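Scroll down for the structure; my scribbles are underneath it.
In this text, all values refer to a predicted model and were calculated from it rather than measured experimentally.
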Amino acid sequence: MGILSAKIKFKIKVIFFEFNSINYCFIHIPKTAGTSFQSTIVKNELENKKYNFLLKNYMEKLNCKHDHMPLSFLKNNFIKKNRLNEKIKYFTIIRNPWIRMASLFEQIVLRHKVGLKRKSINREIRNTYFRNYEYVTNNLLNDLGLFDNDKIKQLFKFWLFYIGYNLKVLPNLNPNFNILPQSWWFTDEQTDDEVDKIFLFEDLQNLEQEFDLNLSHENKKQKYLNYRDYYDQETTDYIYNLDKYNINKFSYDF
């Protein structure tokens, strides 16, 4: 069975696809509607199965997920090593940084409160090296009383500064994934080039019109708190300093 067969049994995360005879690569920043976009591409049968198959195998050898990776890695490692010479247009979706980080926090720490199922423990890289990591961490948070509703700001701060996200995503062993600004994903660190186009989460109609799609809605969460309820001045300033490139360029505010 060829890699271009429609009967491929394994699930391929869509990074590469074709539209109007143009090759595209989608840079998926976490919590920016990327999963919805990927699912919509699959439903519309636009995915480039050959490139995605190569990417899946390449990333699994590195023990990393293959739907989240920065532009610099794709261009300077995967594309070059696989000698993919066709012209590719790169693009991404970004989101209000304060809202995005609050949404990420809810997805990781407050899953039961926002109606999401518990993720497999095997998706947390630190459990690979310390089997009881999740259990010990949750016990610590309970002992500190940080799961109490009146301490939500402290819990958010503890997660933001110390626990992080740190799934099997490049960079694989980063101790705190939350130190990465959104611009890290869509900038080529070797050349300072950026993706060809940036879409805004707050204006996804522009994305739909560009590719003649109606986005599906994946990873939907129940409303729990307003994102501002998680922040104090210290964490508000932290996100500004972290993502000020996008904040200033696209006039985001808290």
Side-chain angles (χ1 to χ4, degrees), residues 11-16 25-42 52 55-56 59 62-74 78 90-111 114-127 134 156 159-187 189 194-195 198-202 204 207 215-221 224 227 230-231 235 238-239 242-243 245-247 250 252:
K11 183 177 181 181
I12 295 179
K13 291 287 188 178
V14 174
I15 296 293
F16 296 97
C25 178
F26 172 55
I27 307 300
H28 183 181
I29 302 172
K31 300 310 298 176
T32 58
T35 301
S36 296
F37 179 76
Q38 290 172 322
S39 297
T40 303
I41 289 295
V42 171
N52 287 316
L55 180 63
K56 175 181 182 293
M59 297 307 293
L62 299 175
N63 194 32
C64 289
K65 293 172 66 177
H66 48 283
D67 60 336
H68 293 294
M69 63 201 67
L71 174 70
S72 58
F73 175 83
L74 282 163
F78 171 72
Y90 298 87
F91 71 97
T92 193
I93 305 170
I94 67 167
R95 186 178 186 181
N96 179 303
W98 291 282
I99 299 176
R100 173 181 169 270
M101 199 63 77
S103 181
L104 193 58
F105 168 69
E106 289 180 341
Q107 178 169 305
I108 301 303
V109 181
L110 304 178
R111 294 186 67 83
V114 296
L116 294 175
K117 294 180 180 178
R118 182 177 178 275
K119 285 182 178 287
S120 169
I121 194 170
N122 293 326
R123 296 190 65 187
E124 171 58 77
I125 189 67
R126 284 167 294 198
N127 284 304
E134 184 178 47
F156 177 70
W159 170 80
L160 183 64
F161 293 161
Y162 302 112
I163 299 178
Y165 192 57
N166 206 12
L167 297 177
K168 290 185 178 180
V169 179
L170 289 168
N172 201 0
L173 296 178
N174 189 339
N176 188 345
F177 190 60
N178 297 333
I179 65 174
L180 299 175
Q182 291 180 81
S183 58
W184 178 83
W185 295 92
F186 62 75
T187 302
E189 61 185 10
E194 292 186 0
V195 292
I198 296 173
F199 294 92
L200 303 184
F201 179 94
E202 296 78 15
L204 290 176
L207 176 70
L215 287 182
S216 62
H217 297 284
E218 309 290 336
N219 286 344
K220 290 184 67 175
K221 305 195 306 293
Y224 179 58
Y227 76 93
Y230 298 120
Y231 288 90
T235 50
Y238 175 87
I239 298 301
L242 177 72
D243 236 344
Y245 175 84
N246 285 335
I247 291 170
F250 297 99
Y252 281 118

[atom1] of [X] to [atom2] of [Y]: how many Å apart, nearest 0.5 Å?
{"X": "Ile27", "Y": "Met69", "atom1": "CD1", "atom2": "CE", "result": "8.5 Å"}
{"X": "Thr92", "Y": "Leu200", "atom1": "OG1", "atom2": "CG", "result": "10.5 Å"}
{"X": "Phe156", "Y": "Leu104", "atom1": "CZ", "atom2": "CG", "result": "9.0 Å"}
{"X": "Ile29", "Y": "Arg100", "atom1": "CD1", "atom2": "CZ", "result": "6.5 Å"}
{"X": "Tyr245", "Y": "Phe250", "atom1": "OH", "atom2": "CZ", "result": "7.0 Å"}
{"X": "Lys31", "Y": "Gln182", "atom1": "NZ", "atom2": "CD", "result": "12.5 Å"}

- request: Could you check whether the rings of Tyr230 and Phe105 sit parallel, tilted or perpendicular, using 30° and 60° as the cut-offs?
  value: perpendicular
query: Mind checking what makes side-chain hydrogen bond (donor to acceptor under 3.5 Å, both in side chains) contact with Thr187, not counting sequence neighbours?
result: none
Taking all heavy atoms of [X] and all of [Y], pick out the closest pair and write down the distance.
{"X": "Met101", "Y": "Tyr231", "result": "CB-OH, 3.6 Å"}
{"X": "Ser36", "Y": "Ser216", "result": "CB-O, 3.1 Å"}
{"X": "Thr235", "Y": "Phe161", "result": "CG2-CZ, 4.1 Å"}
{"X": "Trp185", "Y": "Pro30", "result": "CZ2-CD, 3.6 Å"}

Close side-chain approach of Phe186 to Asn246, heavy-atom, < 4.5 Å: yes
- request: Measure the shortest side-chain to side-chain distance between Cys25 and Leu74 over non-hydrogen atoms and say whether it is less than 4.5 angstrom.
  value: yes
message: Applying the side-chain contact (heavy atoms from CB on, under 4.5 Å) criterion to Tyr252, which one of Ile99, Ile239, Ile247, Asp243 satisfies it?
response: Ile247
field: Derivation and outcome, side chain to side chain contact (heavy atoms under 4.5 Å, CB included), residues Asn96 and Phe201
entry: CA-CA 8 Å; Asn96 179 303; Phe201 179 94; over 6 Å; no
- request: Show the numbers, then the answer: is there a ring-ring contact (aromatic ring centres under 6.0 Å, His included) between Phe37 and Phe199?
  value: CA-CA 12 Å; Phe37 179 76; Phe199 294 92; 8.2 Å; no
message: Keeping Thr32 on the side-chain end and Arg95 on the backbone end, is there a donor-acceptor pair under 3.5 Å?
response: no
message: Looking at His28, is its backbone amide N or carbonyl O close enough to the side chain of His68 to form a donor-acceptor pair, meaning the two atoms are under 3.5 Å apart?
response: yes
- request: Please assess Phe78 against Leu55 for the test side chain to side chain contact (heavy atoms under 4.5 Å, CB included), listing each intermediate value before the final yes or no.
  value: CA-CA 7 Å; Phe78 171 72; Leu55 180 63; 3.8 Å; yes
